[in-house]
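Please read all numbers here as calculations on a predicted model, not as lab measurements. We count ligands from 1, going down the list as the structure has it; atoms in each ligand are counted the same way.
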Amino acid sequence: MTETQFTPRVFSGIQPSGNLHLGNYLGALKRFVDMQQPDMETIYCMVDLHAITVWQDPKELAHSTRELCAGFIAAGLDPEKSILFNQSQVPEHAQLAWIFNCVARMGWMQRMTQWKDKAGKNQQNASLGLFAYPSLMAADILTYHATHVPVGDDQKQHLELTRDIAIKFNHDYGVDFFPITEPVIEGAATRVMSLRDGSKKMSKSDPSDMSRINMTDDADTIAKKIRKAKTDPEALPSELDGLDERPEARNLVNIYAALSDQTAEQVLAEVGGKQFGEFKPMLAELAVSKLAPISSEMARLMGEEAEIDQILAKGAEKARAIAAPILQQTYEIVGMVGAKQG
Ligand code: ATP
Ligand code: MG
């Protein structure tokens with residue numbers, strides 16, 4: 001079989017489950033903007049179907065979807081250059097996910113650490129959707145034949161599963177139809193940790209608001225959260241290996257590096273020897289200077305609800321134009337009668 005050449009195409013998504021935070025920004029959104037290049041097709045999705053795998057109040061879900069769209073645009077995504085839409089409006093995602101539910105194996109899904117973390121001890125009471133989440137995520141990506149997926153480090157395992165699903169589908173049906181997607185996990189902050197606990201990632205769903213910096217936090221709140229962030233009593237080292245076994249210190253250095261577009265090594269060369277009493281205000285000032293313009297633009301856009309809805313509707317139309325023929329071909333490969341031939 002000859003190897004199909006797939007056109008480079010970027011896809012990624014964020015859940016509209018509220019509390020868009022610094023980890024989402026540095027690990028995902030800022031990277032989405034970097035990949036918005038003239039020679040690259042970029043598709044970015046507000047994954048509302050993923051959000052409802054845990055309970056969402058309907059009014060809040062609608063608000064969070066629009067707010068996330070405002071965040072995408074405020075961070076630098078341009079609806080003329082990237083396709084921006086919400087997942088539920090392109091039914092091909094859910095349709096392809098069903099096919100993938102029949103490709104993926106129970107054992108693969110049971111190994112997913114996100115499932116284990118989110119379902120916790122109460123798996124019997126978790127939604128079936130939460131368990132099937134990675135199969136829908138594979139469909140999100142593969143219904144566009146996306147080749148590159150920028151995500152934070154926590155999504156690495158789901159992207160490996162996406163590759164496994166593509167490989168098994170291609171193998172089972174004897175085709176070379178789905179691309180084997182490349183995860184793009186890059187930058188100084190691929191895993192921003194909680195400000196309260198250096199062993200836990202910063203999350204929308206963390207019950208403690210002090211654990212994260214929200215993209216909607218004002219300057220005082222950002223400064224307060226950084227001031228109160230857990231650290232250790234040592235001064236900052238001048239070299240990277242001095243951060244070994246110091247997860248909280250490493251986290252703040254990584255955040256500083258990602259916000260200032262430097263490597264952690266460069267940051268340490270500048271701040272090595274400083275105490276946190278001196279470093280934290282520097283970090284707070286940097287964070288406010290980078291985040292304040294985004295949050296004020298988000299707030300402005302939230303006053304233009306009709307405009308946001310129109311951007312989403314147009315984006316869904318453009319997305320469907322790509323997804324529908326790929327789903328159609330999938331149905332033909334699988335042997336579903338009624339599929340339009342050729
Ligand atoms: P939840 O806790 O509800 O799962 P979340 O904060 O993990 O929310 P998602 O919508 O699941 O947010 O993830 C959106 C994107 O942000 C993904 O690419 C994910 O890898 C990235 N991301 C999430 N948290 C972090 C983090 N702490 N550091 C870096 N990237 C992150
Ligand atoms: Mg998540």
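Aromatic rings of Y144 and H93 (six-membered ring for Trp) have centroids within the 6.0 Å cut-off, being under it.
Here Q15 has heavy atoms under 4.0 Å from ligand 1 in both its backbone and its side chain. When heavy-atom distances to ligand 1 are checked against a 4.0 Å cut-off, T190 comes that close only through its backbone atoms N, CA, C and O. Contact annotation for D154 and ligand 1: only side-chain heavy atoms (C-beta onward) come within less than 4.0 Å of the ligand.
Within ligand 1, the atoms closer than 4.0 Å to a non-hydrogen atom of G27 are 29 (C), 30 (N), numbered from 1 in the order shown. Using a 4.0 Å cut-off to heavy atoms of S203, the atoms of ligand 1 that qualify are 2 (O), 6 (O). Below 4.0 Å from some heavy atom of S205 lie the following atoms of ligand 1, by number and element: 1 (P), 2 (O), 3 (O). Atoms of ligand 1 found under 4.0 Å from any heavy atom of A28, numbered from 1 in the order shown, are 15 (C), 16 (O), 18 (O).
Between K200 and D117, none of the side-chain N atoms (NZ, or NE/NH1/NH2) sits under 4.0 Å from a carboxylate O, so this pair counts as no salt bridge. Ion pairing of D206 with R212 is absent here, as no side-chain N (NZ or NE/NH1/NH2) approaches a carboxylate O to less than 4.0 Å. With salt bridges taken as basic N to acidic carboxylate O contacts below 4.0 Å, none links R320 and E317.
With R246 as reference, D232 is the one residue of L252, N251, D232, T231 to meet the side chain to side chain contact (heavy atoms under 4.5 Å, CB included) rule. Test L259, L22, N24, D261 against K30 for side chain to side chain contact (heavy atoms under 4.5 Å, CB included) and you get one pass: D261.
Taking distance alone, with nitrogen or oxygen atoms compared against 3.5 Å, V151 stays at or beyond that limit from ligand 1. For ligand 1, none of its N or O atoms has an N or O atom of A189 under 3.5 Å away.
V175 places none of its side-chain heavy atoms less than 4.5 Å from the side chain of Q329.
Atom CD of Q123 is surrounded by more than 12 heavy atoms from other residues, nucleotides or ligands within 6.0 Å.
Taking atom 28 (N) of ligand 1 as the reference point, the nearest protein heavy-atom neighbour is V192 N, 2.8 Å. Here the protein heavy atom with the shortest distance to atom 24 (N) of ligand 1 is K201 NZ, 2.8 Å. Looking at atom 16 (O) of ligand 1, its nearest protein heavy atom turns out to be N24 ND2, 3.2 Å. Protein heavy atom in closest approach to atom 9 (P) of ligand 1: K204 NZ, 3.2 Å.
Closest heavy-atom approach to atom 31 (C) of ligand 1 within the set G18, G23, S12: this belongs to G23.
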Evaluate the criterion side-chain contact (heavy atoms from CB on, under 4.5 Å) for residue pair Q157 and W115; output intermediate values, then yes/no. CA-CA 11 Å; Q157 197 186 29; W115 157 249; over 6 Å; no
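Note on ligand 1: K118 sits in its first shell, one or more heavy atoms being nearer than 4.0 Å. Residue-ligand proximity: H21 is placed with a non-hydrogen atom under 4.0 Å from ligand 1.
Under the 4.5 Å side-chain contact rule for hydrophobic residues, I185 and L26 do not share a cluster.
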